[in-house]
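Sequence positions, counted from 1, serve as the residue numbers for this chain.
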Amino acid sequence: MEFPWPLVMSLAWEAYRAGSLPVGAVVLDGSGAPVGQARSTRHEDIPLPGQLSNTRIAHAEVNALAQLPYGGSFQHHVLYTNVEPCCLCMGAALQTGVGVLHYGWRDHYGGAATSMVVRNPQVSCRRFDIVGPADDMVETVTGLLMTCHYFYRRPGKGPASVPWRDEIPDLVTLAAQPSVASTISHAVDRGVGVDSLIDELCPLIPSGNPRSPRLRS
């Protein structure tokens with residue numbers, strides 16, 4: 001993974017382990033230095049200065065962008081997030097004025113980067129480029145963690161709780177595999193980092209079916 005994706009994915013994995021949606025976000029300035037980073041905290045009640053938690057709008061992108069000061073121009077700043085931003089986070093990015101958005105995995109349920117259209121004078125005077133999805137590894141691990149969050153964090157619902165079960169059935173099938181569920185569950189219990197998680201998941205990702213998600217080193 002090229003920087004800052006390792007940091008983004010580490011934040012997303014931290015969110016998953018804490019019980020929140022596995023989303024991480026990082027803002028880079030014009031020189032490529034991180035100036036804001038956060039993860040989803042919507043299912044947690046934790047004190048984070050200047051950030052939201054325990055609320056439906058405690059999204060990773062919002063919390064990362066909230067670390068930028070009011071003054072100044074952020075046209076040369078870049079927002080990275082492993083999940084396609086929703087309408088809320090797209091609005092936060094537009095309001096902040098960052099110039100580029102990179103997302104890792106397309107969200108067929110709540111994603112707005114591929115569908116949101118806003119035409120008003122404010123938006124027309126701001127250049128906002130969107131790049132995504134990311135490489136196979138970021139995309140696959142993100143999709144799998146997102147699916148497992150809905151599949152296993154809502155006991156008794158299983159695949160019925162996955163919003164994109166019809167759009168990405170192969171991903172739901174993969175998440176339902178006992179070996180995948182066990183690997184992720186044990187990784188949570190052991191508190192391993194995202195690199196170790198990926199190493200343990202690699203052998204479990206099918207490679208024979210071109211429609212199946214695959215990891216790439």
Side-chain angles (χ1 to χ4, degrees), residues 1-18 20-28 32 34-42 58-65 77-94 96 98-116 128-151 153 162-164 167-168 170-172 174-175 180 184 187 193-202 204-205 211-217:
M1 285 185 288
E2 294 184 359
F3 184 81
W5 287 118
L7 178 55
V8 173
M9 295 304 295
S10 179
L11 290 164
W13 175 230
E14 181 182 339
Y16 184 93
R17 298 200 315 266
S20 287
L21 282 168
V23 185
V26 174
V27 181
L28 303 184
V35 290
Q37 63 183 63
R39 63 176 178 82
S40 171
T41 51
R42 62 184 300 183
H59 292 197
E61 300 91 334
V62 171
N63 278 336
L65 291 166
H77 286 51
V78 184
L79 171 64
Y80 285 80
T81 175
N82 63 309
V83 175
E84 178 185 356
C86 66
C87 293
L88 169 69
C89 297
M90 286 294 292
L94 289 167
T96 305
V98 296
V100 184
L101 160 70
H102 286 261
Y103 71 90
W105 175 76
R106 183 186 175 193
D107 183 350
H108 288 263
Y109 178 69
T114 54
S115 60
M116 182 175 173
F128 187 64
D129 296 328
I130 299 172
V131 182
D135 66 73
D136 292 348
M137 195 281 294
V138 172
E139 184 180 21
T140 299
V141 174
T142 295
L144 185 56
L145 289 179
M146 286 287 288
T147 302
C148 286
H149 173 87
Y150 283 97
F151 202 106
R153 299 282 179 168
V162 180
W164 42 85
E167 289 81 6
I168 323 177
D170 289 342
L171 190 56
V172 178
L174 179 62
V180 171
I184 295 178
V194 70
D195 289 339
S196 295
L197 171 71
I198 292 171
D199 289 341
E200 294 173 15
L201 285 175
C202 276
L204 306 178
I205 306 298
R211 295 187 59 194
S212 298
R214 287 182 286 178
L215 291 178
R216 182 178 64 196
S217 60

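P4 is listed as a side-chain neighbour of L28, based on a closest heavy-atom distance under 4.5 Å. Between W13 and V141 the shortest side-chain heavy-atom distance does not fall below 4.5 Å. In this structure the side chain of L174 never reaches within 4.5 angstrom of the side chain of L204, judged on heavy atoms. Using a 4.5 Å heavy-atom threshold, the side chains of I198 and M1 count as touching. Here the side chains of I168 and W105 are in contact, with some heavy-atom distance below 4.5 Å. The shortest distance between side-chain heavy atoms of P34 and F3 falls below 4.5 Å. Residues L197 and L145 form a side-chain contact, since some pair of their non-hydrogen atoms from C-beta on lies under 4.5 Å apart. Residues E167 and Y109 have side chains not in contact (no heavy-atom distance under 4.5 Å, counting atoms from C-beta outward).
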- Message: Pair Y150, L21 - check side-chain contact (heavy atoms from CB on, under 4.5 Å), show working.
- Response: CA-CA 9 Å; Y150 283 97; L21 282 168; 3.9 Å; yes
ask   = F128 and M90: side-chain contact (heavy atoms from CB on, under 4.5 Å), yes or no, with the steps?
value = CA-CA 10 Å; F128 187 64; M90 286 294 292; 3.6 Å; yes
Derivation of the side-chain contact (heavy atoms from CB on, under 4.5 Å) call for W164 and M146
CA-CA 10 Å; W164 42 85; M146 286 287 288; 3.8 Å; yes
Could you give me the CA-CA distance, side-chain angles and deciding distance for T114 and I130, then say whether side-chain contact (heavy atoms from CB on, under 4.5 Å) is met?
CA-CA 9 Å; T114 54; I130 299 172; over 6 Å; no
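Closest approach of C148 and Y16 over heavy atoms only: CB-OH, 3.6 Å. The shortest non-hydrogen separation linking N82 to V23 is OD1-CA, 3.3 Å. Closest non-hydrogen pair, P22 versus H149, comes out as CD-CB, 4.0 Å. A pairwise comparison of heavy atoms in A38 and A60 identifies CB-O, 3.6 Å as the closest pair. Counting all heavy atoms, side chain and backbone alike, V98 lies closest to L79 at CG2-CB, 4.5 Å. The nearest pair of heavy atoms linking G111 to S115 is O-OG, 3.4 Å.
Interatomic distance, T147 OG1 to D170 CG, rounded to the nearest 0.5 Å: 11.0 Å. If you take CZ on R39 and OG1 on T81, they are separated by 14.0 Å, rounding to the nearest 0.5 Å. Note that OG1 of T41 is 5.0 Å distant from CG of N63, once rounded to the nearest 0.5 Å. Remark: M9 CE to D195 CG distance equals 10.0 Å, nearest 0.5 Å. A distance of 4.5 Å separates CG in L7 from CD in Q37, rounded to the nearest 0.5 Å. S196 contributes atom OG, which lies 11.0 Å from atom CG of L201 (distance to the nearest 0.5 angstrom).
In this structure, E84 contributes its side chain and D107 its backbone to a donor-acceptor pair below 3.5 Å. Side-chain N or O atoms of S10 include none that pairs as donor or acceptor with a backbone N or O of P6 at under 3.5 Å.
In terms of the salt bridge (charged side-chain N to carboxylate O under 4.0 Å, His left out) criterion, E139 has no residue partners (sequence neighbours excluded).
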